[in-house]
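The model shown is predicted, which means the values in this text are computed figures rather than measured ones.
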Amino acid sequence: MSEQTKNHDQQGEQELSLSEILQVRREKLQELIDAGECPYEITKYNISHHAADITDNFDAMEGMNVSLAGRLMSKRGMGKASFCDLQDESGRIQLYVREDKLGESYAKFRKVDIGDIIGVSGEVFRTQKGEVSIKVSEFTLLSKSLQPLPEKYHGLKDTDLRYRQRYVDLIVNPDVRRTFATRSKIISAIRNYLDARGYMEVETPILNTIAGGASAKPFVTHHNTLDLEMFLRIAPELYLKRLIVGGFEKVYEMGRLFRNEGMSPRHNPEFTTIEIYEAYTDYEGMMNLTEQLISTVAQEVLGTTSITYQGEEINLAPGWERMTMLDSIKKYANVDMSAVKDADEAKKIAESVGVKIDKPLSCGEIINLVFEERVEDKLVQPTFITHYPVEVSPLAKRCADNPDFTERFEVFITRREFGNAFSELNDPIDQRERFMEQAAKHAAGDEEANLPDDDFVLSLEYGMPPTGGLGIGIDRLIMLLTDSASIRDVLLFPTMKPV
(Lines give C-alpha, C1' and ligand atoms only; values in the text may rest on other atoms or scores of the structure.)
Protein backbone atom coordinates (compact mmCIF):
# COMPACT_ATOMS: atom_id res chain seq x y z
CA MET A 1 0.00 0.00 0.00
CA SER A 2 1.33 3.45 -0.87
CA GLU A 3 2.12 5.94 1.94
CA GLN A 4 -0.71 8.14 0.67
CA THR A 5 -3.14 5.22 0.88
CA LYS A 6 -1.98 4.37 4.43
CA ASN A 7 -2.60 7.94 5.53
CA HIS A 8 -6.02 7.96 3.93
CA ASP A 9 -6.88 4.68 5.65
CA GLN A 10 -5.99 6.21 9.01
CA GLN A 11 -7.91 9.41 8.35
CA GLY A 12 -11.10 7.66 7.30
CA GLU A 13 -13.03 8.22 4.10
CA GLN A 14 -15.22 10.90 5.64
CA GLU A 15 -12.30 13.34 5.32
CA LEU A 16 -11.63 12.60 1.65
CA SER A 17 -13.12 13.97 -1.53
CA LEU A 18 -15.01 11.61 -3.79
CA SER A 19 -12.18 11.50 -6.31
CA GLU A 20 -9.72 10.61 -3.54
CA ILE A 21 -11.99 7.86 -2.23
CA LEU A 22 -12.30 6.36 -5.70
CA GLN A 23 -8.54 6.44 -6.13
CA VAL A 24 -7.84 4.89 -2.70
CA ARG A 25 -10.30 2.06 -3.28
CA ARG A 26 -8.79 1.26 -6.65
CA GLU A 27 -5.31 1.24 -5.12
CA LYS A 28 -6.51 -1.24 -2.50
CA LEU A 29 -7.96 -3.44 -5.22
CA GLN A 30 -4.72 -3.32 -7.20
CA GLU A 31 -2.79 -4.34 -4.10
CA LEU A 32 -5.01 -7.38 -3.74
CA ILE A 33 -4.57 -8.28 -7.38
CA ASP A 34 -0.78 -7.88 -7.14
CA ALA A 35 -0.78 -10.18 -4.09
CA GLY A 36 -2.76 -12.81 -6.00
CA GLU A 37 -5.89 -12.22 -3.88
CA CYS A 38 -8.29 -10.69 -6.41
CA PRO A 39 -11.75 -10.96 -4.79
CA TYR A 40 -13.51 -11.17 -8.16
CA GLU A 41 -11.92 -14.56 -8.80
CA ILE A 42 -13.80 -16.17 -5.90
CA THR A 43 -16.70 -18.18 -7.34
CA LYS A 44 -18.70 -19.21 -4.26
CA TYR A 45 -18.95 -18.99 -0.48
CA ASN A 46 -20.74 -21.50 1.73
CA ILE A 47 -23.40 -19.87 3.92
CA SER A 48 -24.96 -21.68 6.86
CA HIS A 49 -27.34 -18.94 8.06
CA HIS A 50 -28.67 -15.47 7.39
CA ALA A 51 -28.70 -12.59 9.85
CA ALA A 52 -32.38 -12.94 10.72
CA ASP A 53 -31.98 -16.66 11.41
CA ILE A 54 -29.57 -15.78 14.20
CA THR A 55 -31.27 -12.69 15.66
CA ASP A 56 -34.67 -14.41 15.66
CA ASN A 57 -33.42 -17.65 17.19
CA PHE A 58 -30.58 -16.54 19.44
CA ASP A 59 -31.49 -18.71 22.44
CA ALA A 60 -31.22 -21.86 20.34
CA MET A 61 -28.11 -20.71 18.48
CA GLU A 62 -25.98 -19.15 21.22
CA GLY A 63 -22.49 -20.61 21.06
CA MET A 64 -22.96 -22.12 17.59
CA ASN A 65 -20.41 -21.57 14.85
CA VAL A 66 -22.03 -20.04 11.76
CA SER A 67 -21.02 -18.62 8.40
CA LEU A 68 -22.67 -15.62 6.75
CA ALA A 69 -22.02 -13.37 3.79
CA GLY A 70 -23.16 -9.86 3.02
CA ARG A 71 -22.24 -6.22 2.70
CA LEU A 72 -20.23 -4.37 5.33
CA MET A 73 -22.34 -1.37 6.35
CA SER A 74 -20.30 0.13 9.19
CA LYS A 75 -16.97 -0.18 11.05
CA ARG A 76 -16.33 1.14 14.57
CA GLY A 77 -12.94 1.05 16.28
CA MET A 78 -9.69 0.39 14.46
CA GLY A 79 -7.30 -0.71 17.22
CA LYS A 80 -7.07 -4.36 18.15
CA ALA A 81 -10.84 -4.84 17.92
CA SER A 82 -13.66 -3.66 15.68
CA PHE A 83 -17.45 -3.73 15.73
CA CYS A 84 -19.05 -3.88 12.30
CA ASP A 85 -22.52 -4.30 10.81
CA LEU A 86 -23.02 -6.98 8.16
CA GLN A 87 -26.13 -6.71 5.98
CA ASP A 88 -27.57 -9.60 3.99
CA GLU A 89 -30.94 -10.16 2.37
CA SER A 90 -32.65 -10.79 5.70
CA GLY A 91 -31.29 -7.79 7.65
CA ARG A 92 -28.26 -6.79 9.71
CA ILE A 93 -26.16 -8.40 12.40
CA GLN A 94 -23.20 -7.09 14.38
CA LEU A 95 -19.71 -8.53 13.91
CA TYR A 96 -17.10 -8.48 16.66
CA VAL A 97 -13.62 -8.73 15.16
CA ARG A 98 -10.52 -9.07 17.37
CA GLU A 99 -6.90 -9.20 16.30
CA ASP A 100 -6.09 -12.09 18.68
CA LYS A 101 -9.00 -14.10 17.23
CA LEU A 102 -8.40 -13.35 13.56
CA GLY A 103 -4.60 -13.49 13.67
CA GLU A 104 -2.70 -12.44 10.56
CA SER A 105 -5.98 -11.87 8.71
CA TYR A 106 -6.77 -8.90 10.97
CA ALA A 107 -4.41 -6.66 9.02
CA LYS A 108 -6.31 -7.53 5.84
CA PHE A 109 -9.63 -6.94 7.58
CA ARG A 110 -8.55 -3.42 8.51
CA LYS A 111 -8.26 -2.63 4.80
CA VAL A 112 -11.84 -3.66 4.09
CA ASP A 113 -14.08 -0.69 3.22
CA ILE A 114 -17.71 0.00 4.02
CA GLY A 115 -19.68 -1.39 1.10
CA ASP A 116 -17.38 -4.36 0.51
CA ILE A 117 -19.00 -7.79 0.40
CA ILE A 118 -17.44 -10.25 2.80
CA GLY A 119 -17.96 -13.74 4.15
CA VAL A 120 -17.41 -14.46 7.85
CA SER A 121 -17.40 -17.44 10.17
CA GLY A 122 -17.62 -17.30 13.93
CA GLU A 123 -19.44 -17.93 17.17
CA VAL A 124 -22.88 -16.58 18.00
CA PHE A 125 -22.88 -14.59 21.26
CA ARG A 126 -24.43 -11.58 22.96
CA THR A 127 -22.35 -8.54 23.91
CA GLN A 128 -22.36 -6.95 27.36
CA LYS A 129 -24.77 -4.36 25.96
CA GLY A 130 -27.11 -7.17 24.94
CA GLU A 131 -26.64 -7.11 21.16
CA VAL A 132 -26.69 -10.39 19.26
CA SER A 133 -23.35 -10.64 17.45
CA ILE A 134 -20.87 -12.92 15.68
CA LYS A 135 -17.39 -13.32 17.16
CA VAL A 136 -15.49 -13.57 13.88
CA SER A 137 -12.79 -16.21 13.55
CA GLU A 138 -12.43 -16.16 9.74
CA PHE A 139 -13.25 -13.66 7.03
CA THR A 140 -13.04 -13.56 3.23
CA LEU A 141 -13.30 -10.53 0.96
CA LEU A 142 -15.76 -11.61 -1.74
CA SER A 143 -16.19 -8.40 -3.73
CA LYS A 144 -14.60 -4.97 -3.57
CA SER A 145 -16.87 -1.91 -3.60
CA LEU A 146 -15.13 0.72 -5.70
CA GLN A 147 -17.89 3.26 -5.08
CA PRO A 148 -18.65 4.62 -1.58
CA LEU A 149 -22.16 4.23 -0.20
CA PRO A 150 -24.18 7.39 0.52
CA GLU A 151 -23.27 9.19 3.75
CA LYS A 152 -24.32 7.14 6.79
CA TYR A 153 -26.86 9.42 8.43
CA HIS A 154 -28.47 10.83 5.32
CA GLY A 155 -28.55 7.88 2.96
CA LEU A 156 -29.83 8.12 -0.57
CA LYS A 157 -32.59 10.75 -0.41
CA ASP A 158 -32.58 12.28 -3.90
CA THR A 159 -35.73 10.79 -5.42
CA ASP A 160 -34.57 10.91 -9.01
CA LEU A 161 -31.23 9.31 -8.12
CA ARG A 162 -32.99 6.63 -6.07
CA TYR A 163 -35.01 5.52 -9.10
CA ARG A 164 -32.02 5.65 -11.44
CA GLN A 165 -29.69 3.80 -9.07
CA ARG A 166 -32.17 1.40 -7.52
CA TYR A 167 -29.32 -0.94 -6.59
CA VAL A 168 -27.94 1.70 -4.22
CA ASP A 169 -31.43 2.54 -2.99
CA LEU A 170 -31.94 -1.12 -2.04
CA ILE A 171 -28.60 -1.27 -0.23
CA VAL A 172 -29.10 1.76 2.01
CA ASN A 173 -32.89 2.01 2.45
CA PRO A 174 -34.38 -0.99 4.28
CA ASP A 175 -37.95 0.27 3.76
CA VAL A 176 -37.44 0.08 0.00
CA ARG A 177 -36.33 -3.54 0.25
CA ARG A 178 -39.39 -4.29 2.38
CA THR A 179 -41.68 -2.70 -0.20
CA PHE A 180 -40.39 -4.94 -2.97
CA ALA A 181 -40.45 -8.01 -0.75
CA THR A 182 -44.11 -7.17 -0.08
CA ARG A 183 -44.70 -6.73 -3.80
CA SER A 184 -43.48 -10.26 -4.40
CA LYS A 185 -45.75 -11.60 -1.65
CA ILE A 186 -48.77 -9.78 -3.09
CA ILE A 187 -48.19 -11.22 -6.55
CA SER A 188 -47.76 -14.72 -5.13
CA ALA A 189 -50.93 -14.33 -3.03
CA ILE A 190 -52.94 -13.28 -6.10
CA ARG A 191 -51.73 -16.30 -8.05
CA ASN A 192 -52.39 -18.65 -5.14
CA TYR A 193 -55.94 -17.31 -4.73
CA LEU A 194 -56.79 -17.84 -8.39
CA ASP A 195 -54.98 -21.15 -8.80
CA ALA A 196 -56.83 -22.57 -5.78
CA ARG A 197 -60.14 -21.69 -7.44
CA GLY A 198 -59.47 -23.39 -10.72
CA TYR A 199 -58.21 -20.48 -12.82
CA MET A 200 -55.46 -21.37 -15.28
CA GLU A 201 -52.55 -19.01 -15.86
CA VAL A 202 -51.69 -18.54 -19.54
CA GLU A 203 -49.37 -16.46 -21.70
CA THR A 204 -50.38 -14.47 -24.77
CA PRO A 205 -48.29 -12.46 -27.28
CA ILE A 206 -46.63 -9.22 -26.25
CA LEU A 207 -45.87 -8.33 -29.88
CA ASN A 208 -49.20 -7.73 -31.61
CA THR A 209 -50.12 -6.96 -35.21
CA ILE A 210 -53.14 -5.01 -33.93
CA ALA A 211 -53.13 -2.80 -30.84
CA GLY A 212 -56.42 -3.99 -29.41
CA GLY A 213 -58.25 -4.78 -26.20
CA ALA A 214 -58.15 -1.27 -24.73
CA SER A 215 -58.25 2.41 -25.58
CA ALA A 216 -54.62 3.52 -25.52
CA LYS A 217 -51.81 4.80 -27.72
CA PRO A 218 -49.40 1.92 -28.45
CA PHE A 219 -45.64 1.70 -28.83
CA VAL A 220 -44.78 0.85 -32.42
CA THR A 221 -41.95 -1.44 -33.51
CA HIS A 222 -40.90 -3.30 -36.65
CA HIS A 223 -40.45 -7.00 -37.34
CA ASN A 224 -37.52 -7.24 -39.75
CA THR A 225 -38.05 -10.78 -41.03
CA LEU A 226 -41.75 -10.26 -41.75
CA ASP A 227 -41.22 -6.60 -42.75
CA LEU A 228 -44.23 -5.83 -40.59
CA GLU A 229 -45.20 -2.99 -38.28
CA MET A 230 -46.07 -4.37 -34.86
CA PHE A 231 -47.20 -3.02 -31.50
CA LEU A 232 -46.28 -3.76 -27.92
CA ARG A 233 -49.50 -4.98 -26.39
CA ILE A 234 -51.80 -2.54 -24.64
CA ALA A 235 -53.98 -5.36 -23.29
CA PRO A 236 -54.20 -9.18 -23.55
CA GLU A 237 -58.01 -9.15 -23.58
CA LEU A 238 -58.77 -10.28 -27.12
CA TYR A 239 -56.38 -13.22 -26.92
CA LEU A 240 -57.73 -14.35 -23.56
CA LYS A 241 -61.30 -14.28 -24.85
CA ARG A 242 -60.21 -16.42 -27.79
CA LEU A 243 -59.24 -19.01 -25.17
CA ILE A 244 -62.74 -18.86 -23.70
CA VAL A 245 -64.07 -19.51 -27.23
CA GLY A 246 -61.67 -22.46 -27.43
CA GLY A 247 -63.17 -24.09 -24.36
CA PHE A 248 -61.14 -22.97 -21.35
CA GLU A 249 -63.55 -21.69 -18.70
CA LYS A 250 -61.27 -19.83 -16.28
CA VAL A 251 -58.07 -18.15 -17.47
CA TYR A 252 -55.86 -15.33 -16.30
CA GLU A 253 -52.65 -13.62 -17.32
CA MET A 254 -50.45 -11.40 -15.18
CA GLY A 255 -47.79 -9.43 -17.00
CA ARG A 256 -46.53 -6.23 -18.52
CA LEU A 257 -48.56 -3.89 -20.71
CA PHE A 258 -47.16 -0.95 -22.67
CA ARG A 259 -48.97 2.31 -23.34
CA ASN A 260 -47.31 5.28 -25.01
CA GLU A 261 -48.94 7.83 -22.75
CA GLY A 262 -48.10 10.41 -20.12
CA MET A 263 -46.04 9.79 -16.99
CA SER A 264 -47.13 10.74 -13.49
CA PRO A 265 -47.06 9.40 -9.92
CA ARG A 266 -49.87 7.07 -11.08
CA HIS A 267 -48.70 6.18 -14.59
CA ASN A 268 -45.66 4.47 -16.06
CA PRO A 269 -45.41 3.58 -19.78
CA GLU A 270 -44.92 -0.08 -18.89
CA PHE A 271 -46.88 -1.54 -16.02
CA THR A 272 -48.19 -4.80 -14.61
CA THR A 273 -51.81 -5.90 -14.72
CA ILE A 274 -53.81 -9.05 -14.34
CA GLU A 275 -56.72 -9.92 -16.61
CA ILE A 276 -59.14 -12.68 -15.60
CA TYR A 277 -61.89 -14.26 -17.71
CA GLU A 278 -64.52 -16.70 -16.54
CA ALA A 279 -67.20 -18.36 -18.65
CA TYR A 280 -70.81 -18.48 -17.53
CA THR A 281 -70.64 -15.48 -15.23
CA ASP A 282 -71.11 -11.73 -15.65
CA TYR A 283 -69.86 -8.39 -14.34
CA GLU A 284 -71.57 -8.97 -11.00
CA GLY A 285 -69.62 -12.21 -10.61
CA MET A 286 -66.49 -10.20 -11.35
CA MET A 287 -67.44 -7.68 -8.66
CA ASN A 288 -67.65 -10.47 -6.10
CA LEU A 289 -64.30 -11.85 -7.30
CA THR A 290 -62.66 -8.40 -7.08
CA GLU A 291 -63.57 -7.63 -3.49
CA GLN A 292 -62.87 -11.18 -2.34
CA LEU A 293 -59.51 -11.29 -4.11
CA ILE A 294 -58.24 -7.93 -2.87
CA SER A 295 -59.49 -8.36 0.70
CA THR A 296 -58.04 -11.88 0.92
CA VAL A 297 -54.64 -10.74 -0.40
CA ALA A 298 -54.57 -7.84 2.10
CA GLN A 299 -55.41 -10.17 4.97
CA GLU A 300 -52.84 -12.75 3.91
CA VAL A 301 -49.95 -10.35 3.23
CA LEU A 302 -50.63 -7.59 5.78
CA GLY A 303 -52.64 -9.48 8.35
CA THR A 304 -55.57 -7.03 8.13
CA THR A 305 -58.16 -5.56 5.77
CA SER A 306 -58.03 -2.19 7.55
CA ILE A 307 -55.15 -0.22 6.09
CA THR A 308 -53.87 3.34 6.00
CA TYR A 309 -53.04 4.95 2.68
CA GLN A 310 -51.34 8.37 2.79
CA GLY A 311 -53.02 9.17 6.11
CA GLU A 312 -56.52 7.92 5.21
CA GLU A 313 -58.10 4.84 6.79
CA ILE A 314 -59.34 2.39 4.14
CA ASN A 315 -61.55 -0.62 4.83
CA LEU A 316 -61.04 -3.42 2.31
CA ALA A 317 -63.36 -5.95 3.95
CA PRO A 318 -66.04 -7.29 1.55
CA GLY A 319 -69.27 -5.35 1.21
CA TRP A 320 -67.97 -2.54 -1.01
CA GLU A 321 -70.43 0.14 -2.13
CA ARG A 322 -72.00 -0.31 -5.58
CA MET A 323 -73.72 2.39 -7.62
CA THR A 324 -74.38 3.19 -11.26
CA MET A 325 -72.50 5.97 -12.99
CA LEU A 326 -75.70 8.03 -13.27
CA ASP A 327 -76.47 7.56 -9.57
CA SER A 328 -72.94 8.59 -8.62
CA ILE A 329 -73.24 11.78 -10.72
CA LYS A 330 -76.54 12.57 -9.04
CA LYS A 331 -75.05 11.94 -5.58
CA TYR A 332 -71.76 13.79 -5.95
CA ALA A 333 -72.33 16.35 -8.75
CA ASN A 334 -75.96 17.11 -7.80
CA VAL A 335 -77.27 16.81 -11.36
CA ASP A 336 -79.57 14.21 -12.90
CA MET A 337 -78.43 12.98 -16.31
CA SER A 338 -80.65 9.90 -16.43
CA ALA A 339 -83.19 11.50 -18.78
CA VAL A 340 -80.69 13.18 -21.12
CA LYS A 341 -81.73 12.59 -24.74
CA ASP A 342 -78.87 13.98 -26.82
CA ALA A 343 -75.36 15.44 -26.73
CA ASP A 344 -76.55 19.06 -26.70
CA GLU A 345 -78.59 18.51 -23.55
CA ALA A 346 -75.73 16.58 -21.94
CA LYS A 347 -73.31 19.38 -22.78
CA LYS A 348 -75.53 21.99 -21.09
CA ILE A 349 -75.72 19.96 -17.91
CA ALA A 350 -71.98 19.29 -17.95
CA GLU A 351 -71.16 22.96 -18.36
CA SER A 352 -73.60 23.83 -15.54
CA VAL A 353 -71.32 21.93 -13.15
CA GLY A 354 -68.11 23.39 -14.59
CA VAL A 355 -67.13 20.60 -16.98
CA LYS A 356 -65.79 22.19 -20.16
CA ILE A 357 -66.63 20.50 -23.46
CA ASP A 358 -64.20 21.79 -26.10
CA LYS A 359 -64.63 19.14 -28.81
CA PRO A 360 -67.49 17.16 -30.35
CA LEU A 361 -68.52 14.35 -27.98
CA SER A 362 -71.44 11.96 -27.89
CA CYS A 363 -73.98 11.98 -25.09
CA GLY A 364 -72.38 8.95 -23.43
CA GLU A 365 -68.89 10.42 -23.69
CA ILE A 366 -70.08 13.61 -21.96
CA ILE A 367 -71.71 11.63 -19.15
CA ASN A 368 -68.45 9.76 -18.66
CA LEU A 369 -66.49 13.04 -18.64
CA VAL A 370 -68.77 14.50 -15.96
CA PHE A 371 -68.15 11.40 -13.88
CA GLU A 372 -64.37 11.65 -14.31
CA GLU A 373 -64.20 15.33 -13.40
CA ARG A 374 -66.87 15.59 -10.71
CA VAL A 375 -67.14 12.19 -9.07
CA GLU A 376 -63.85 10.24 -9.16
CA ASP A 377 -62.11 12.41 -6.57
CA LYS A 378 -64.93 11.70 -4.08
CA LEU A 379 -64.47 7.90 -4.12
CA VAL A 380 -62.14 7.17 -1.21
CA GLN A 381 -63.50 3.91 0.18
CA PRO A 382 -63.78 0.91 -2.20
CA THR A 383 -66.63 1.63 -4.60
CA PHE A 384 -67.91 -0.14 -7.71
CA ILE A 385 -69.23 2.24 -10.39
CA THR A 386 -71.43 0.33 -12.86
CA HIS A 387 -73.32 0.86 -16.12
CA TYR A 388 -70.90 2.79 -18.31
CA PRO A 389 -72.11 4.38 -21.57
CA VAL A 390 -71.72 2.13 -24.59
CA GLU A 391 -69.63 4.76 -26.43
CA VAL A 392 -66.78 4.32 -23.94
CA SER A 393 -67.18 0.55 -23.57
CA PRO A 394 -66.61 -1.02 -27.01
CA LEU A 395 -66.03 -4.54 -25.63
CA ALA A 396 -68.83 -4.72 -23.02
CA LYS A 397 -72.32 -6.22 -23.33
CA ARG A 398 -75.22 -3.78 -23.43
CA CYS A 399 -77.68 -3.60 -20.54
CA ALA A 400 -80.88 -5.44 -21.51
CA ASP A 401 -83.12 -2.71 -20.03
CA ASN A 402 -81.11 0.24 -21.40
CA PRO A 403 -78.93 -0.44 -24.48
CA ASP A 404 -77.24 2.98 -24.20
CA PHE A 405 -75.32 1.61 -21.22
CA THR A 406 -73.27 -1.50 -20.61
CA GLU A 407 -72.77 -4.19 -17.99
CA ARG A 408 -69.44 -2.77 -16.96
CA PHE A 409 -67.88 -1.58 -13.73
CA GLU A 410 -64.73 0.12 -12.57
CA VAL A 411 -63.61 -0.14 -8.96
CA PHE A 412 -62.28 2.97 -7.24
CA ILE A 413 -60.26 3.26 -4.04
CA THR A 414 -58.47 6.37 -2.77
CA ARG A 415 -59.86 8.42 -5.68
CA ARG A 416 -58.33 6.29 -8.40
CA GLU A 417 -59.39 3.38 -10.57
CA PHE A 418 -58.01 -0.04 -9.62
CA GLY A 419 -59.95 -2.38 -11.86
CA ASN A 420 -62.19 -2.57 -14.92
CA ALA A 421 -64.64 -5.37 -15.77
CA PHE A 422 -67.42 -6.29 -18.18
CA SER A 423 -70.05 -8.76 -18.99
CA GLU A 424 -68.11 -9.49 -22.15
CA LEU A 425 -69.68 -8.74 -25.50
CA ASN A 426 -70.14 -12.07 -27.31
CA ASP A 427 -72.37 -10.88 -30.18
CA PRO A 428 -70.08 -10.88 -33.27
CA ILE A 429 -72.37 -8.61 -35.27
CA ASP A 430 -72.54 -5.98 -32.53
CA GLN A 431 -68.79 -6.32 -31.96
CA ARG A 432 -67.99 -5.71 -35.62
CA GLU A 433 -70.20 -2.61 -35.66
CA ARG A 434 -68.47 -1.21 -32.56
CA PHE A 435 -65.07 -1.89 -34.09
CA MET A 436 -66.14 0.11 -37.14
CA GLU A 437 -67.19 3.00 -34.90
CA GLN A 438 -63.82 2.85 -33.16
CA ALA A 439 -62.03 2.74 -36.53
CA ALA A 440 -63.84 5.90 -37.60
CA LYS A 441 -62.65 7.63 -34.41
CA HIS A 442 -59.11 6.45 -35.10
CA ALA A 443 -59.27 7.76 -38.66
CA ALA A 444 -60.49 11.10 -37.30
CA GLY A 445 -57.35 11.40 -35.17
CA ASP A 446 -58.15 9.54 -31.93
CA GLU A 447 -54.90 7.61 -31.40
CA GLU A 448 -56.39 5.72 -28.43
CA ALA A 449 -59.39 4.30 -30.28
CA ASN A 450 -59.57 0.52 -30.72
CA LEU A 451 -58.55 -0.89 -34.10
CA PRO A 452 -60.70 -3.60 -35.71
CA ASP A 453 -59.56 -7.18 -35.11
CA ASP A 454 -61.23 -9.30 -37.78
CA ASP A 455 -59.85 -12.55 -36.41
CA PHE A 456 -61.31 -11.82 -33.00
CA VAL A 457 -64.71 -11.19 -34.56
CA LEU A 458 -64.30 -14.46 -36.46
CA SER A 459 -63.65 -16.25 -33.17
CA LEU A 460 -66.89 -14.83 -31.76
CA GLU A 461 -68.73 -16.23 -34.77
CA TYR A 462 -67.80 -19.70 -33.52
CA GLY A 463 -69.60 -18.84 -30.31
CA MET A 464 -68.31 -17.49 -26.98
CA PRO A 465 -70.32 -18.38 -23.86
CA PRO A 466 -71.55 -15.64 -21.53
CA THR A 467 -68.35 -14.45 -19.90
CA GLY A 468 -67.18 -12.08 -17.19
CA GLY A 469 -63.84 -10.33 -17.65
CA LEU A 470 -61.78 -8.34 -15.15
CA GLY A 471 -58.56 -6.34 -15.25
CA ILE A 472 -56.77 -5.09 -12.12
CA GLY A 473 -53.79 -2.75 -12.05
CA ILE A 474 -51.20 -4.65 -10.03
CA ASP A 475 -48.86 -1.68 -9.53
CA ARG A 476 -51.67 0.48 -8.15
CA LEU A 477 -52.80 -2.33 -5.86
CA ILE A 478 -49.24 -2.66 -4.55
CA MET A 479 -49.08 1.12 -4.05
CA LEU A 480 -52.23 0.84 -1.94
CA LEU A 481 -51.05 -2.12 0.15
CA THR A 482 -47.56 -0.66 0.75
CA ASP A 483 -48.72 2.94 1.34
CA SER A 484 -46.58 4.17 -1.56
CA ALA A 485 -47.32 7.63 -2.97
CA SER A 486 -45.85 7.08 -6.45
CA ILE A 487 -45.95 4.19 -8.89
CA ARG A 488 -42.18 4.59 -9.19
CA ASP A 489 -41.87 3.51 -5.57
CA VAL A 490 -43.24 0.05 -6.45
CA LEU A 491 -41.40 -0.46 -9.76
CA LEU A 492 -37.85 -1.68 -9.35
CA PHE A 493 -36.72 0.09 -12.51
CA PRO A 494 -39.25 2.77 -13.55
CA THR A 495 -38.98 4.46 -16.92
CA MET A 496 -36.61 7.43 -16.69
CA LYS A 497 -35.31 9.96 -19.19
CA PRO A 498 -31.59 9.38 -19.76
CA VAL A 499 -29.35 11.94 -18.10
Side-chain angles (χ1 to χ4, degrees), residues 1 9-14 25 28 32 35 37 39-145 148-155 168 170-178 180-182:
M1 182 181 287
D9 189 59
Q10 293 167 1
Q11 288 176 312
E13 287 190 343
Q14 67 271 22
R25 292 197 175 204
K28 289 181 178 180
L32 290 167
E37 299 177 355
Y40 305 131
E41 294 178 355
I42 297 174
T43 57
K44 69 175 184 177
Y45 187 84
N46 293 324
I47 298 170
S48 67
H49 296 83
H50 284 86
D53 300 330
I54 300 166
T55 56
D56 293 346
N57 302 284
F58 173 76
D59 290 342
M61 297 189 65
E62 184 177 11
M64 286 181 57
N65 201 69
V66 296
S67 61
L68 303 87
R71 192 178 297 274
L72 197 67
M73 298 302 292
S74 71
K75 291 174 70 177
R76 303 176 295 283
M78 288 301 294
K80 294 184 177 182
S82 299
F83 285 98
C84 310
D85 286 326
L86 181 76
Q87 176 174 288
D88 62 18
E89 183 182 52
S90 70
R92 290 192 186 190
I93 192 166
Q94 181 171 267
L95 305 180
Y96 178 51
V97 187
R98 287 182 58 88
E99 182 177 9
D100 58 0
K101 188 73 172 176
L102 211 54
E104 294 180 0
S105 296
Y106 189 70
K108 296 179 182 178
F109 183 81
R110 290 188 59 181
K111 298 177 184 178
V112 172
D113 293 308
I114 293 173
D116 288 355
I117 296 175
I118 64 173
V120 297
S121 296
E123 179 186 342
V124 177
F125 80 110
R126 192 188 294 275
T127 65
Q128 290 182 344
K129 292 185 177 180
E131 185 162 356
V132 175
S133 305
I134 306 296
K135 190 179 298 181
V136 177
S137 56
E138 295 181 8
F139 102 95
T140 305
L141 178 61
L142 301 174
S143 183
K144 184 69 183 168
S145 175
L149 296 180
E151 198 275 322
K152 175 181 176 182
Y153 296 105
H154 297 94
V168 182
L170 293 168
I171 292 170
V172 301
N173 291 324
D175 288 344
V176 174
R177 289 199 307 278
R178 281 191 286 271
F180 287 104
T182 302

Could you go step by step and tell me if Ile118 and Leu141 meet the side chain to side chain contact (heavy atoms under 4.5 Å, CB included) rule? CA-CA 5 Å; Ile118 64 173; Leu141 178 61; 4.0 Å; yes
Evaluate Arg71 against Ile114 for side chain to side chain contact (heavy atoms under 4.5 Å, CB included), listing each step before the verdict. CA-CA 8 Å; Arg71 192 178 297 274; Ile114 293 173; over 6 Å; no
Apply side chain to side chain contact (heavy atoms under 4.5 Å, CB included) to residues Ile134 and Phe125 and explain how you reach the verdict. CA-CA 6 Å; Ile134 306 296; Phe125 80 110; 6.0 Å; no
Check the pair Val136 / Phe109 against side chain to side chain contact (heavy atoms under 4.5 Å, CB included), numbers first and verdict last. CA-CA 11 Å; Val136 177; Phe109 183 81; over 6 Å; no
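By the side chain to side chain donor-acceptor pair (under 3.5 Å) test, Asn46 is found to be paired with no residue, residues two or more places apart in sequence or in another chain being considered. The side chain to side chain donor-acceptor pair (under 3.5 Å) test applied to Ser105 returns no partner, not counting sequence neighbours. The salt bridge (charged side-chain N to carboxylate O under 4.0 Å, His left out) test applied to Arg177 returns no partner, not counting sequence neighbours. Looking at residues two or more places apart in sequence or on another chain, you find a side chain to side chain donor-acceptor pair (under 3.5 Å) between Lys108 and Glu37.
When only modelled atom types and interatomic distance are considered, Ser67 and Tyr45 share no side-chain donor-acceptor pair under 3.5 Å.
For Val172 against Pro150, the heavy-atom pair with the smallest separation is CG1-CD, 3.7 Å. A pairwise comparison of heavy atoms in Leu32 and Pro39 identifies CD1-CD, 4.1 Å as the closest pair. Listed here is the closest heavy atom pair of Val132 and Ile93: O-CG1, 3.9 Å. A pairwise comparison of heavy atoms in Ala69 and Ile47 identifies CB-CD1, 3.9 Å as the closest pair. Of all heavy-atom pairs between Lys144 and Lys28, the closest is NZ-CD, 4.0 Å. In plain terms, the two heavy atoms of Gly122 and Ser137 that are nearest each other are CA-OG, 3.8 Å.
Under 4.0 Å is where a charged nitrogen must lie from a carboxylate oxygen, and between Lys75 and Asp85 no such pair does.
Atoms NZ and CG, from Lys135 and Leu102 in turn, are 13.5 Å apart once rounded to the nearest 0.5 Å. Rounded to the nearest 0.5 Å, atoms OG (Ser82) and OH (Tyr106) are 3.0 Å apart. Once rounded to the nearest 0.5 Å, the distance linking CD1 of Ile117 with CG of Leu86 reads 10.0 Å.
Annotation: side chain of Val66 is in contact with side chain of Val124 (closest heavy-atom distance under 4.5 Å). Side-chain contact check for Val97 versus Phe139: every heavy-atom pair is 4.5 Å or farther apart. With contacts defined as side-chain heavy-atom distances shorter than 4.5 Å, the pair Leu68/Leu95 does not qualify.
Applying the side chain to side chain donor-acceptor pair (under 3.5 Å) test to every pair with at least one member in residues 86-103, sequence neighbours left out, gives these pairs: Arg76-Gln94, Gln87-Arg92, Asp88-Ser90, Gln94-Ser133, Tyr96-Arg98, Arg98-Asp100. A salt bridge (Lys or Arg N to Asp or Glu O under 4.0 Å) check over residues 49-65, counting only residues at least two apart or in different chains, returns nothing.
Put simply, the side chain of Asp116 gets close to the backbone of Asp113: a donor and an acceptor are under 3.5 Å apart.
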